[in-house]
Amino acid sequence: GKIETLIVEMPPGSAKSTYVNYLFPAWFMARNRDRNVLTASHSTELAERWGRKTRNLLAEQSKTLNLSLSHDSTAAYRWSTSHGGEYYAVGVGVGIAGYRADLGIIDDPFGSREDAQSRKIRQTRWEWYTDDFSSRLKPGACRVIMHTRWHDDDLAGRVKRQLAALGRSYISLTLPAE
């Protein structure tokens, strides 16, 4: 089936990014070879690191995945497949005008508990999510919002309230720390 919005809430150090921002984009692109993926992390450096890992996984497993990288677009943060799919990784808050995606992933939009506790930073993240990130997703696109919950009014909390107010459903995967 198709999940329009998936919210993943897991504690620090639980391999959230490995599953959601490394393996999942590769899996998605292998099954949707001409589709575009947009990922965002709390810093550009982190976004590029996951972009590089996903790109390298696709290159190493191209036969198994039946998907190859385009030779003319292979930057760590932005690359293409030979089948027309594109991948773009950015830091939260970075402008992304001119890019459209079929899958949008937000991976840890807050760099620390202190960031998530800041009303100003929470508001800035929310405005970027609504004004930039969401407007870059194509109609019918899927989105994954994944992070450690540091505050009730963080991005995941706001998205849940927004979707509930609009009468739209979402799937929430919550694995608490023990």
Side-chain angles (χ1 to χ4, degrees), residues 2-8 10 12 15-112 115-116 121-122 124-148 154-156 159:
K2 183 177 177 184
I3 297 172
E4 184 177 314
T5 303
L6 173 64
I7 298 173
V8 180
M10 295 169 65
K16 298 182 302 294
S17 297
T18 297
Y19 294 113
V20 173
N21 202 9
Y22 168 48
L23 299 173
F24 180 58
W27 178 88
F28 178 86
M29 293 185 88
R31 282 155 182 74
N32 303 279
R33 299 184 316 167
D34 62 343
R35 301 292 172 92
N36 297 345
V37 175
L38 171 65
T39 71
S41 297
H42 64 80
S43 71
T44 299
E45 177 186 4
L46 185 61
E48 287 182 9
R49 180 169 31 134
W50 289 113
R52 180 179 298 106
K53 288 179 74 119
T54 303
R55 179 201 64 198
N56 292 348
L57 175 64
L58 284 177
E60 292 164 5
Q61 300 297 323
S62 63
K63 275 197 185 289
T64 302
L65 297 172
N66 194 28
L67 182 69
S68 59
L69 295 172
S70 173
H71 298 291
D72 63 349
S73 179
T74 58
Y77 71 97
R78 192 166 191 170
W79 42 266
S80 301
T81 69
S82 59
H83 295 84
E86 293 183 52
Y87 176 98
Y88 190 25
V90 299
V92 171
V94 171
I96 49 179
Y99 187 81
R100 303 283 286 169
D102 302 285
L103 170 63
I105 297 171
I106 297 180
D107 171 6
D108 277 333
F110 301 100
S112 68
D115 285 352
I121 292 175
R122 288 194 316 272
T124 300
R125 298 294 191 266
W126 177 249
E127 290 170 2
W128 179 82
Y129 171 78
T130 58
D131 298 341
D132 292 301
F133 181 82
S134 293
S135 69
R136 299 290 89 211
L137 300 181
K138 296 177 184 178
C142 302
R143 69 186 77 207
V144 179
I145 298 152
M146 182 271 301
H147 63 89
T148 297
D154 58 17
L155 186 62
V159 169

May I ask you to decide if [Y]'s main-chain N or O and [X]'s side chain share a donor-acceptor pair within less than 3.5 Å?
X: Arg143; Y: Gly104; answer: no
X: Arg55; Y: Thr74; answer: yes
X: Ser134; Y: Tyr129; answer: yes
X: Arg122; Y: Ala116; answer: yes
X: His147; Y: Phe110; answer: no

Of all heavy-atom pairs between [X] and [Y], which one has the smallest distance, and what is that distance?
X: Cys142; Y: Lys2; value: SG-CE, 3.3 Å
X: Arg100; Y: Pro139; value: NH2-CD, 3.7 Å
X: Ala101; Y: Ala141; value: O-CB, 3.6 Å
X: Ile105; Y: Phe133; value: N-CZ, 3.7 Å
X: Val8; Y: Met10; value: CG1-SD, 3.6 Å
X: Glu86; Y: Ser80; value: CG-OG, 3.6 Å

Practice task
Evaluate the side-chain hydrogen bond (donor to acceptor under 3.5 Å, both in side chains) criterion for residues Thr148 and Lys16: first the C-alpha distance (whole Å), next the side-chain angles of each, then the deciding distance (0.1 Å), finally the verdict.
Solution key: CA-CA 9 Å; Thr148 297; Lys16 298 182 302 294; 3.3 Å; yes
Using side-chain heavy atoms (C-beta onward) and a distance below 4.5 Å, is [X] in contact with [Y]?
X: Arg125; Y: Val92; value: yes
X: Arg33; Y: Asn66; value: yes
X: Ile106; Y: Leu155; value: yes
X: His42; Y: Asp115; value: no
X: Thr54; Y: Phe24; value: no
X: Trp126; Y: Val159; value: yes
X: Trp27; Y: Asn32; value: no

Practice task
Please work out whether the ring planes of Tyr77 and Tyr88 are parallel, tilted or perpendicular, with thresholds of 30° and 60°.
Solution key: tilted
Practice task
Report, as yes or no, whether the 6.0 Å neighbourhood of atom OH on Tyr19 holds more than 12 heavy atoms from other residues, nucleotides or ligands.
Solution key: no
Spacing of [atom1] belonging to [X] relative to [atom2] belonging to [Y], to within rounding of 0.5 Å:
X: Thr39; Y: Asn21; atom1: OG1; atom2: CG; result: 4.5 Å
X: Tyr99; Y: Asp132; atom1: OH; atom2: CG; result: 15.0 Å
X: Leu57; Y: Met29; atom1: CG; atom2: CE; result: 11.5 Å
X: Thr81; Y: Leu58; atom1: OG1; atom2: CG; result: 8.5 Å
X: Ser82; Y: Leu67; atom1: OG; atom2: CG; result: 6.5 Å
X: His83; Y: Ser68; atom1: NE2; atom2: OG; result: 5.5 Å

Exercise for the section: Walk me through it: do Ser17 and Met146 pass the test side chain to side chain contact (heavy atoms under 4.5 Å, CB included)? Expected result: CA-CA 8 Å; Ser17 297; Met146 182 271 301; 4.0 Å; yes
Practice task
Could you walk me through whether Tyr87 and Asn36 pass side chain to side chain contact (heavy atoms under 4.5 Å, CB included), step by step?
Solution key: CA-CA 6 Å; Tyr87 176 98; Asn36 297 345; over 6 Å; no
Handout entry: Residues Ser70, Trp79; criterion side chain to side chain contact (heavy atoms under 4.5 Å, CB included); working and verdict
Key = CA-CA 8 Å; Ser70 173; Trp79 42 266; over 6 Å; no
Problem - Worked check of side chain to side chain contact (heavy atoms under 4.5 Å, CB included) between Asp108 and Ser41 - result: CA-CA 6 Å; Asp108 277 333; Ser41 297; 5.9 Å; no
